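Just below is one structure, and these are the notes that go with it.
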Amino acid sequence: MKKIRVRFAPSPTGPLHIGGVRTALYNYLFAKKHDGEMLLRIEDTDSARFVPGAEDYIIESLEWLGIKIDEGVGYGGDHAPYRQSERKAIYRRYVDQLLNNGLAYIAFDTPSELEQKRNEIPNFQYDASTRELMHNSLTMSKHDVSKRIERGEQYVVRIKIEPDQEIKINDLVRGEVIINSSVLDDKVLFKSSDNLPTYHLANVVDDYLMKISHVIRGEEWLPSAPLHLLLYRYLGWENEMPAFAHLSLLLKPDGNGKLSKRDGDRLGFPVFPLDWKDPKSGEIFSGYREAGYFPEAVVNFLALLGWNSGTEQELFSIQELVSLFSLERVSKSGAKFDYEKAKWFNHKYLQLRSNEELAEIYQQYLVVEKDIIEDTEKIIKIISLIKERVNFVTEFWEQSYFFFEASGSYDEKAVKKRWKAESPQQMNQLIAILTNVEKFTAEHTESAVKRWIEENKYGMGAVMNVFRLSIVGELKGPHIFDIIEVLGKEETVRRIQQAINTLQ
Ligand code: GLU
């Protein structure tokens, strides 16, 4: 059997969109499932749209997500170079082959001449029905063509498409797609102005030379597939043609249409894997990494946007995804982007991380952001108390700041409602009770405090709320006895005293 080889072939025209990340992921899962290879090819033949930094961004994104590349830009390999702008001589060879075989022709029409034809002829397209009216090597003598080229006139090379041919594509996701060649135009394959091929030719030549077995890409490239098939045929490679699989779109969370980079800003979630700063405008687009996502959560979330395992299971490691993935289970219809689900996945993956590991991350954050240096054991304990309440590491602080500093201020509404005339006296008693607890653990303090409340027939809820208010400053947070165990006796007593002094 032919070795499975897939490629991710982005154009470096900006940051990698999350839909592109999904395409890369599906390629990776498919390749690894079949013990195949994954290539990274940079399609930078459109120099006008080149954006500096985009290539590094793509590589960094894939690395962050654990999508491993076997061969390609940044990794090397037997088919180097993998950057199309460095493969000019290779493409030129095939352009010449097509010209020599009469399957392509040279055209000199200037933009204004083309514009004029578009105005003259309704629904103008450069094809078998119009090419005779144009300035090209089919309508001009050989001599004239050579003279123009010698004079340095710019030209393009166009594919010569035979009309009325049936073109059949067997797409692994969409099934059989049949089109008539008459709807295609004689696409430009090469431009003398920059001596570069266009996307179509470079893409096909490279897929062939790099021995790609499966082209898995976004639905937006489906319209190019018939032309690509013809190119394979014209170049004599039809038997080597890769299989096609066109993935359906990622749709906006609300309404219809393709998820765009503007949707992220509009709805407040990232549509890029990493933060991206536009080198021209300086505008910053936010990324999943910086928003606090774990890469495995993003991978899991994206895998299920357009593929399902056929079971109820939702949490999959990347290894599990590799073993379960199949193109047959990739959906034909678009997948609606569900940001709440992305958060849910991160929550789940955060619970799977050990308290020790999370403590390490949080400790780092505390030092850098809050100038707080704390004992690791204490942080681990805090993490265990608040972990379940957060989706992101970045939410740890708002759930735990009161462990590190007594705010000294008290939620006004809560004070109004809960702090009563008898509260100072009760809190003084509480101080005495807690001072007498020998082993200051949650278990011991809880039983001592509850016994005291019951013996005095105080209202349990009323006293506990005042107690919490004194310690936290608000009526929130984990189990109060767990909190004071972390704080220790001295700090607990100090805070209750401070509350009495401030609020009475
Ligand atoms: N360069 C194209 C892109 O930017 C590649 C399309 C393909 O995979 O053939 O997506």
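Predicted model only: the values in this text are computed from it and were never measured. These numbers come from the heavy atoms of this one structure, side chains and all, not from hydrogens, waters or symmetry mates. When a ligand or atom number is given, it counts from 1 through the structure's own listing order.
Looking at Glu43 and Tyr199, their side chains never bring a donor and an acceptor atom within 3.5 Å of each other.
Under the salt bridge (Lys or Arg N to Asp or Glu O under 4.0 Å) criterion, Glu120 pairs with Lys117, sequence neighbours left out. Listed by chain and residue number, Phe272 satisfy the ring-ring contact (aromatic ring centres under 6.0 Å, His included) test with Phe285 (two or more places apart in sequence, or in another chain). Residues passing the side chain to side chain donor-acceptor pair (under 3.5 Å) test with Glu356, sequence neighbours excluded: none.
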Under 3.5 Å: N or O atoms of ligand 1 paired with protein N or O:
| from | atom 1 | to | atom 2 | distance (Å) |
| --- | --- | --- | --- | --- |
| ligand 1 | 1 (N) | Ala9 | O | 2.8 |
| ligand 1 | 1 (N) | Ser11 | OG | 3.0 |
| ligand 1 | 1 (N) | Glu43 | OE1 | 2.7 |
| ligand 1 | 4 (O) | Ser11 | N | 3.2 |
| ligand 1 | 4 (O) | Ser11 | OG | 3.2 |
| ligand 1 | 8 (O) | Arg7 | NH1 | 2.8 |
| ligand 1 | 8 (O) | Arg7 | NH2 | 3.4 |
| ligand 1 | 9 (O) | Arg7 | NH2 | 2.8 |
| ligand 1 | 9 (O) | Tyr199 | OH | 3.1 |
| ligand 1 | 9 (O) | Asn203 | ND2 | 3.0 |
| ligand 1 | 9 (O) | Arg217 | NH1 | 2.8 |
| ligand 1 | 10 (O) | Trp221 | NE1 | 3.4 |

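By the 6.0 Å contact criterion, NZ on Lys280 is open, its count of non-hydrogen atoms from other residues, nucleotides or ligands being 12 or less.
Nearest approach of Ile58 to Phe8, heavy atoms of both residues: CG2-CE2, 4.3 Å.
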